[in-house]
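Below is one structure, written out as structure tokens, with a few remarks after it.
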There are 2 protein chains.
Amino acid sequence: MANIQQVAKQAGVSVATVSRVLNGQSTVTAKTRIKVEDAIKKLNYEPSLLGRNLRNSESRILLILIPKIANPFYLDIINGIETAALSQNYNILLCETDSNPERENIYFDLVRKKMADGIISMDPAVNIDTLTELAERHAIIQCSEYSEDSGIPYVTIDNEEAAYRAVKHLIKIGHENIALINTDEKYLYARQRKAGYRKALEEHNIPVNEDHIYYTQQLGFEYGQQAMKKILGSKNRPTAVFAVSDLLAIGALKEINSYGLNVPDDIAVVGFDKIDFSNMTNPTLTTIAQPMHRMGTIAAEMLIDKIKGADVESIILDYELVIRESTSG
Amino acid sequence: MANIQQVAKQAGVSVATVSRVLNGQSTVTAKTRIKVEDAIKKLNYEPSLLGRNLRNSESRILLILIPKIANPFYLDIINGIETAALSQNYNILLCETDSNPERENIYFDLVRKKMADGIISMDPAVNIDTLTELAERHAIIQCSEYSEDSGIPYVTIDNEEAAYRAVKHLIKIGHENIALINTDEKYLYARQRKAGYRKALEEHNIPVNEDHIYYTQQLGFEYGQQAMKKILGSKNRPTAVFAVSDLLAIGALKEINSYGLNVPDDIAVVGFDKIDFSNMTNPTLTTIAQPMHRMGTIAAEMLIDKIKGADVESIILDYELVIRESTSG
DNA sequence: GTGAAAGCGCTAACAA
DNA sequence: TTGTTAGCGCTTTCAC
């Protein structure tokens, strides 16, 4: 496989000139440019990024940290990141931590060892101390989930307000007995969404019944089913459920159906995220739409700016309440 | 940021010795090893993979080519690949082509330019000519979808037999009027699964009615809905549907429900792939389970072997028919 | 057991 | 406009 030296020899020029042609510098005569291009074609030459990257001290790789690829929530964000990255000649290394610190460390090492130029962290379970420390010497952006204290710039939505809007919608259509399916409060978004839930209830003088708040360990479908099972078995059964993720809500939906009740007539359901699948269920799911694709592109742009040495500011994006069948018979 | 020179200086040894310590070579005295390790710690040194990779002419990155991240079918395969890759110190670059040749070429270039050591292609729409040409100088494995002619090793299942089993199951429980929701026959798996469908019908002397074979452009949910809409409007309405992907089947499910019919009482449905969601629908979906995780690990191992210069053989894995609610009242 | 030095393939500063 | 050359950070051969 040819290298730049051989191209230079073949074209009868120096390696510097070949490099200039490769990088589209305008200081090269049309004539020599053609000589070089001919040589490149003739030798089937492809410049090695290994050499270029070492020389430039960059990898042009962006590391994306997510807890689970299987969580569809990340799909559109990743798409957004990839679009923005590619347009600036970066590639993305998608890293699933599985909330496993060991795996996380493998990926952090990639940045420490210069194999990645920066990180977009979307993992709520990330070791924030390590991340903060890493941020001293490396470019890092938080996306969706974040820690304010870390000082690391983030893109996100106002989770509390979004949850507030969701629950307010349930109240407006007549519900007063509303359950909350939440996840572990060690996650910031869980605390924020619960705060929004409380705020909506309190604003309408509906007492917050702690018995109707359920905490799941994770965001998966089965956890939604389990929580709903408990809710269905509880005394003073709620007429509506707000789940902090679509996957949980879809689990709840399935459980309500299995129990022989109807959504939304017997129990209304609201989710959060507007994943693709929220439109495929029966009934379709009312949910909060986050601007995921945009969040992704912005995160990538912030990261690339940061890599270039710019100062970047955190951004809070808008969201939308999407009303569908699960709250409107 | 410290480099190997500074560590050598600090430790009072040569860079060669530092390198030896870094790579765990046993020819180093315990005493010097400790000196070096102390220096590393003191300087907070992290070896640069850029330097190492250039020197070793490798990137230790595996490129995974898929058409759409949003297709849940790939999730488990990717997981399998990642597990196997990490255990051998490789990382994966997940590349979504969107069936866009331009994007595909960006990714191919990464291999040509040494930024990736090999490719696992899972994109049915891949440009097989380019891939074949690339395979002359680079390590490539096909996973799930493949082209026999290309001569590129593959891991897959016997699609024809799997489809045959699925349709046979429908026949066994009493169906004779069975529709097929297929995708474009330019894809090998589409041709194979259709062949399995035909084989099952013919074996039971059921005439194949071309009017009951529907072709969709893609594998998405909406395409399943559309196809099912046509099926429901056709004369001599089928009592069962075999869809060549779960997403199509779930679309069909939704359409049947909206139409006011019951699954499986009025129409039975079988899908293909056993994606996570196939268990979350109402009713749950009978489907063909591919050993996705295993397929992924095997593909990764084959690729790494090939990178090392070994000869690798194609492999055909087993599948399973998973009977659930959509075919059993 | 350890060191000197070459070289992986490229870019850019400097010189001409 | 083009060429010479140093050097990015590492590994490895060859001496000692």
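Chain naming here is simple, since letters A, B, ... match the order of the sequence lines and numbering starts at 1 in each.
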Original post:
Looking only at side-chain N and O atoms, does B:S14 come under 4.0 Å of OP1 or OP2 in C:dG3?
Top reply: yes

Original post:
Do A:N127 and A:E104 meet the criterion of a side-chain donor-acceptor pair at a distance under 3.5 Å?
Top reply: no

Original post:
What integer distance in Å separates B:M115:CE from C:dG9:P?
Top reply: 15 Å

Original post:
Any side-chain donor-acceptor pair under 3.5 Å between A:S121 and A:Y146?
Top reply: no

**OP:** Check every atom of C:dA5, C:dT2, C:dG9 against the side chain of B:A16 and return the nucleotide holding the closest atom.
**Re:** C:dA5

Original post:
Rounded to whole angstrom units, what separation is found between the CG atom of A:L50 and the C1' atom of D:dG7?
Top reply: 17 Å

Original post:
Do we see a donor-acceptor contact under 3.5 Å between the side chains of B:S150 and B:Q142?
Top reply: yes

Original post:
Between A:Y45 and A:Q10, does any side-chain donor sit less than 3.5 Å from a side-chain acceptor?
Top reply: no

**OP:** Mind checking A:V13 for me? I need base, sugar-phosphate or nothing, with any heavy atom below 4.0 Å counting as a touch.
**Re:** sugar-phosphate

Original post:
When we call it a touch if two heavy atoms are under 4.0 Å apart, what does B:T27 touch: a base, just sugar-phosphate, or nothing?
Top reply: base

Subject >> A:C143 SG to A:I140 CD1 distance, which is reported to the nearest 0.5 Å >> reply: 14.0 Å

Original post:
So what does B:N53 hit on the nucleic acid, given a heavy-atom distance under 4.0 Å: a base, only sugar-phosphate, or nothing?
Top reply: nothing

Original post:
Looking at A:S19, does any N or O in its side chain come under 4.0 Å of the phosphate oxygens OP1/OP2 on C:dT11?
Top reply: yes

**OP:** Measure from CG on B:L49 to C1' on D:dC8 and round the result to the nearest Å.
**Re:** 14 Å

**OP:** Provide, to the nearest angstrom, the distance between the CZ atom belonging to B:R55 and the C1' atom belonging to C:dC10.
**Re:** 16 Å

Original post:
Does B:S26 or B:G51 map to a spot on DNA chain C nearer the 5' end, using the closest nucleotide for each?
Top reply: B:S26

Original post:
How long is the line joining CD of B:Q6 and C1' of D:dC8, in whole Å?
Top reply: 13 Å

**OP:** May I have the distance from A:M1 (atom CE) to C:dC8 (atom P), rounded to whole angstrom?
**Re:** 16 Å

Original post:
Given that B:R20 and B:E46 both sit by DNA chain D, which one's nearest nucleotide is further toward the 5' end?
Top reply: B:E46

Original post:
Tell me: CD of B:E58 to C1' of D:dG9, nearest whole Å?
Top reply: 15 Å

**OP:** Would you sort out whether A:K68 and A:D98 count as a salt bridge (Lys or Arg N to Asp or Glu O under 4.0 Å), showing the intermediate values?
**Re:** CA-CA 6 Å; A:K68 272 230 171 300; A:D98 237 335; 2.3 Å; yes

Original post:
Taking CD from A:Q25 and C1' from C:dA13, how many angstroms apart are they, rounded to a whole number?
Top reply: 12 Å

**OP:** Ignoring the backbone of B:T17, work out which of C:dG1, C:dG3, C:dC8 is nearest its side chain.
**Re:** C:dG3

Subject >> Short side-chain N/O contact from B:R52 to OP1 or OP2 of D:dG9, under 4.0 Å >> reply: no

**OP:** Give a yes/no on whether any side-chain N or O of B:T32 is located under 4.0 angstrom from OP1 or OP2 of C:dG1.
**Re:** no

Original post:
Among C:dG3, C:dG1, C:dA12, which is the nearest nucleotide to the side chain of A:N56?
Top reply: C:dA12

Original post:
Which nucleotide, D:dG3, D:dG9, C:dG9, lies nearest any side-chain atom of A:N3?
Top reply: C:dG9

